[in-house]
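Numbers here are sequence positions counted from 1.
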Amino acid sequence: QPLQLSAHRRRCHCRRHHRLATGGDGRRRAPGASEPAMATLAMSQLGCTRLAGDAMRPEHRGLRQGTRTLTADSVLAKGPKGGPDSPQGLRHRRVMEGHVRVEGAMLTAEYSPHLLAAALSSKDNADLSTQCRTQAESRLATVVLDRVRRSFLCTSLAHPRSDLRPGRLRQLNEDLSWANSFTSSMGEKAKEVGRFREDAKALEAAG
């Protein structure tokens with residue numbers, strides 16, 4: 001029995017010596033050779049694996065699936081899905097309330113254009129449908145440009161040497177300054193205010 005134990009120890013010692021000499025891959029190392037480096041993985045190589053822990057993170061799931069932001073137009077088309085107290089239902093109500101406020105301001109735009117401009121620029125009405133915003137901007141532009149157009153016409157009809165010309169030029173410039181305060185809420189038609197300003201300079205130079 002002592003002989004059997006001794007032979008067993010010699011075999012274990014030989015196997016251990018073989019692993020140390022070959023590095024465990026079966027290939028013998030030269031004396032003094034360094035041990036092979038262990039293969040490492042960077043976190044970026046793991047990607048969205050469960051090992052990296054990203055697969056369970058909802059923000060990564062959203063990125064992979066592709067998130068889409070609903071516009072006010074889409075919310076109106078789809079309606080208050082999920083009930084009135086759902087996120088989409090609350091937003092649908094917010095859009096509708098904004099429409100009511102802006103459309104109410106459109107009714108008085110001819111006499112109080114500043115109220116419509118304030119409604120369009122209000123944060124409470126930021127979530128408007130394209131149709132509602134376009135109509136409101138067009139209505140405001142019509143009111144503002146009508147006033148500037150009448151003022152420009154009155155000025156241009158007055159003879160350059162007429163006593164009326166200086167007063168009408170002054171009124172035209174005042175109306176242009178007034179109109180300029182609405183341009184941020186007039187959409188594409190805001191450019192027409194700039195054109196009238198250039199024409200006013202031409203009238204002033206001619207007079």
Q: Please report the C-alpha distance between Leu128 and Val95 in whole Å, then the side-chain angles of each, then the deciding distance to 0.1 Å, and finally whether the side chain to side chain contact (heavy atoms under 4.5 Å, CB included) criterion is met.
A: CA-CA 6 Å; Leu128 295 174; Val95 172; 5.9 Å; no
Q) Going by heavy atoms in the side chains, are Phe152 and Leu176 under 4.5 Å from each other? A) no
(Q) Is it the case that the side chain of Asp73 and the backbone of Thr130 share a donor-acceptor pair, with hydrogens and angles ignored and the cut-off at 3.5 Å? (A) yes
**Q.** N/O donor-acceptor pair under 3.5 Å between Thr155 side chain and Ser151 backbone
**A.** yes
Q: Look up atom NE2 in His92 and atom NZ in Lys78, then write down how far apart they are to the nearest 0.5 Å.
A: 12.0 Å
Q: Would you check, one step at a time, whether the test side chain to side chain contact (heavy atoms under 4.5 Å, CB included) holds for Lys189 with Ser138?
A: CA-CA 8 Å; Lys189 293 185 177 180; Ser138 179; 3.6 Å; yes
(Q) Is it the case that the side chain of Arg168 and the backbone of Cys154 share a donor-acceptor pair, with hydrogens and angles ignored and the cut-off at 3.5 Å? (A) yes
**Q.** Least distance between heavy atoms, Ser162 atom then Pro166 atom
**A.** O-CD, 3.4 Å
**Q.** Derivation and outcome, side chain to side chain contact (heavy atoms under 4.5 Å, CB included), residues Val193 and Met186
**A.** CA-CA 10 Å; Val193 175; Met186 288 172 55; 4.0 Å; yes
Q.
Under a 3.5 Å distance rule, please check whether Arg133 uses its side chain to pair with a backbone N or O of Gly187 as donor and acceptor.
A. no
Q) Is any side-chain heavy atom of Pro80 closer than 4.5 Å to a side-chain heavy atom of Arg93? A) no
(Q) Has Ser177 got a side-chain atom pairing as donor or acceptor with Asn173's backbone, closer than 3.5 angstrom? (A) yes
Q: Under the salt bridge (charged side-chain N to carboxylate O under 4.0 Å, His left out) rule, collect the residues that match up with Arg170, sequence neighbours excluded.
A: none
Q. When you measure from the side chain of Thr71 to the backbone N and O of Ser74, does any donor-acceptor pair fall under 3.5 Å?
A. yes
Q.
Closer than 3.5 angstrom, by distance alone: can the side chain of Arg197 be matched with the main-chain N or O of Asn180 as a donor-acceptor pair?
A. no
Q) Are Glu192 and Val148 close enough that some pair of their side-chain heavy atoms sits under 4.5 Å apart? A) no
Q: Indicate the atoms forming the closest heavy-atom contact of Met96 with Leu76, along with that distance.
A: SD-CD2, 3.4 Å
Q: Report yes if some heavy atom in the side chain of Leu153 is under 4.5 Å from a heavy atom in the side chain of Arg149; otherwise report no.
A: no
**Q.** Flag side-chain contact, heavy atom, 4.5 Å: Glu97 against Asp124
**A.** no
**Q.** Distance-minimising heavy-atom pair for Asn125 and Arg101
**A.** OD1-NE, 2.6 Å
Q) Closest heavy-atom contact between Ala200 and Leu169? A) O-CD2, 4.3 Å
Q) Hey, does the side chain of Thr134 reach the backbone of Gln131 with a donor-acceptor pair shorter than 3.5 angstrom? A) no
Q.
Would a single hydrophobic cluster contain both Leu140 and Trp178, if residues Ile, Leu, Val, Met, Phe, Trp and Tyr are joined by side-chain heavy-atom contacts under 4.5 Å?
A. yes
Q: Could you tell me the separation between the SG atom of Cys132 and the CD atom of Glu103, rounded to the nearest 0.5 Å?
A: 5.0 Å
(Q) Minimum heavy-atom separation for Leu120 and Ala136, please, with both atom names. (A) CD2-CB, 3.6 Å
Q) Do Leu115 and Phe182 share a hydrophobic cluster, counting only Ile, Leu, Val, Met, Phe, Trp and Tyr and linking them when any side-chain heavy atoms are less than 4.5 Å apart? A) no
Q) If every non-hydrogen atom of Ala206 is compared with every non-hydrogen atom of Pro160, which pair is closest and at what distance? A) O-CB, 4.0 Å
Q. When rounded to the nearest 0.5 angstrom, what is the spacing between CD in Gln135 and OG in Ser129?
A. 8.0 Å
Q | Check: Ser112 side chain, Ala109 main-chain N or O, donor-acceptor pair, under 3.5 Å | A | no
Q.
Between Glu110 and Arg139, does the side chain to side chain contact (heavy atoms under 4.5 Å, CB included) criterion hold? Intermediate values first, please.
A. CA-CA 9 Å; Glu110 186 174 355; Arg139 175 59 179 155; 3.8 Å; yes
